[in-house]
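Below is one structure, written out as structure tokens; the observations come after it.
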Amino acid sequence: MSSAASLLVTPYDRKVRLDSFPASDIELAVVIPTLNERDNIVPLVAALDAALANINAELIFVDDWSTDGTPEVIAELARQRSDIRLLRRCGRRGLASAAIEGMLSTTAPVVALIDADMQHDEGILPEMVAAVSSGKLDVAIGSRYHSSGSCGTWSQKRLKTSRFATVLAQAAIGSDVEDPLSGFFVMRQDLIVDVAPRLKGQGFKILMDILSSAPRRLRVAEFPYVFRTRVAGRSKLSPGVAVSYLRLLVAAGLRRLLSVRLISFSIVGSIGLIVNLALLRLLLPSLGFAAAQAVAVAVAIGSNFLLNNAITYRDCRLRGWRLFTGALSFYGICGMGAFANVGVGSVVFWSDHRWWLAGAAGALVGTGWNFLVSSIFTWRRPLASAVS
Ligand code: GDD
Ligand code: MN
């Protein structure tokens with residue numbers, strides 16, 4: 001019978017037998033989202049078998065209720081091979097969420113995501129898995145745009161659209177990964193567990209979501225491959241999916257733009273206005289308007305700088321010498337902002353004559369300038385995340 005060592009003692013003094021079961025020695029789980037891919041399943045499994053001959057892997061298909069017989073083909077294989085599993089999702093759709101749920105459904109230390117339609121080159125998986133298993137990388141990305149990678153036989157039009165979407169994605173998440181929209185990558189399983197609650201899980205942009213939601217800077221590298229032409233079945237990446245992706249991206253970008261930072265910056269700006277007016281009132285009797293206002297503005301800009309440094313940009317706070325150079329640049333930028341404010345205000349006033357409209361337009365442009373430019377030059381936020 002079982003010895004003490006082969007028992008797992010659970011709360012309430014219940015014991016789970018461990019001895020008569022082989023321990024799991026699965027090194028890799030390959031997650032394969034499928035939607036109507038019947039004719040691709042068998043060729044894909046054969047290709048993965050060949051590529052992963054030296055890796056102890058399980059294949060997890062995540063099917064969103066395909067109606068072409070896909071889950072039946074997978075189930076048939078799964079009955080004959082214990083390393084193949086089928087997760088059927090009912091009443092739900094989406095490549096990203098299917099990928100996330102597949103990756104969460106395993107306890108293998110490393111997970112791979114690959115399309116079912118053979119467009120991703122499974123031949124580079126061993127190299128990617130080795131880089132992640134060895135602890136060198138958090139994520140190994142199969143890349144169409146890195147080094148010798150390419151999109152294969154894509155038309156110029158599709159190539160241009162994809163490049164455009166890629167540049168937008170890079171800007172939106174402030175990343176220099178060359179193929180942030182890749183649907184082909186290998187990563188540590190504990191990482192997906194870490195980030196899963198933060199993922200949006202919508203559409204096709206799973207990797208981008210993971211990269212931008214990670215709690216720490218990830219060690220990533222790209223592995224070039226040539227995107228193959230689809231032989232069987234049809235792509236689900238319709239123009240509709242592409243348009244909704246772009247819409248999402250613009251919305252995400254705008255949301256970031258109008259983010260917590262801008263709100264914080266604006267509140268600090270309002271405090272600056274109060275400081276300015278209070279000082280002006282205090283100094284007016286002794287200094288006269290021009291001198292009193294000059295002192296008041298200088299103090300208000302200085303206090304705005306310190307408040308923004310302490311609150312708005314607390315995650316990248318300037319200290320020591322950089323606090324000094326930062327203050328100088330902030331004064332310079334706000335000076336130019338004031339010029340822009342007066343300039344734009346005057347132009348509006350000449351053409352419209354409503355003083356409050358002209359004043360507001362000037363203030364808006366001036367504040368926008370101060371916010372964006374100081375974010376980039378004073379606090380050295382990269383343009384894309386200037387606003388994150
Ligand atoms: N479960 C599930 N649910 N799977 C889906 C869904 C869905 O709603 N939509 C698509 N899939 C599966 C497809 O069956 C296929 O296995 C894979 O996801 C990719 O779908 P395709 O329609 O073939 O996409 P693609 O070839 O245009 O784009 C792919 O490659 C790009 C480059 O790596 C995707 O992986 C993109 O995310 C990726 O950018
Ligand atoms: Mn495809």
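Scope of the values below: all heavy atoms of this structure, side chains included, with no hydrogens, waters or symmetry mates. One-based numbering, in listed order, for ligands and for the atoms of each. Keep in mind that what you see is a predicted model, and the values were worked out from it rather than measured.
Around the Mn ion (ligand 2), the protein atoms of type N, O or S that sit closer than 2.8 Å are Asp117 OD2, Gln119 OE1.
The 4.0 Å heavy-atom shell around ligand 1 contains residues Pro33, Thr34, Leu35, Glu37, Val62, Asp64, Arg93, Gly94, Leu95, Ala98, Asp115, Ala116, Asp117, Gln119, His120, Arg144, Arg158, Leu181, Ser182, Gly183, Phe204, Tyr225, Phe227, Arg230, Ser235, Lys236, Leu237, ordered by chain and number.
From Arg317, atom CZ reaches atom CG of Leu306 across 11.0 Å, with rounding to the nearest 0.5 Å.
Remark: Phe349 engages His353 in a ring pair (Phe, Tyr, Trp, His ring centres under 6.0 Å) (not counting sequence neighbours). Remark: Ser264 engages Thr312 in a side-chain hydrogen bond (donor to acceptor under 3.5 Å, both in side chains) (not counting sequence neighbours).
For the residue pair Ser133 and Glu27, no side-chain donor N or O sits within less than 3.5 Å of a side-chain acceptor on the partner.
Within 6.0 Å of CZ in Arg198 there are more than 12 heavy atoms belonging to other residues, nucleotides or ligands. Annotation: Arg228, atom CZ; neighbour count of heavy atoms from other residues, nucleotides and ligands within 6.0 Å is above 12. Annotation: Trp369, atom CH2; neighbour count of heavy atoms from other residues, nucleotides and ligands within 6.0 Å does not exceed 12.
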- request: Could you check Phe265 against Asn304 for side-chain contact (heavy atoms from CB on, under 4.5 Å), going step by step and ending with a plain yes or no?
  value: CA-CA 9 Å; Phe265 194 89; Asn304 272 10; over 6 Å; no
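For the pair Arg163 and Tyr145, the distance from NZ or CZ to the six-membered ring centre is under 6.0 Å and the angle to the ring normal is within 45 degrees.
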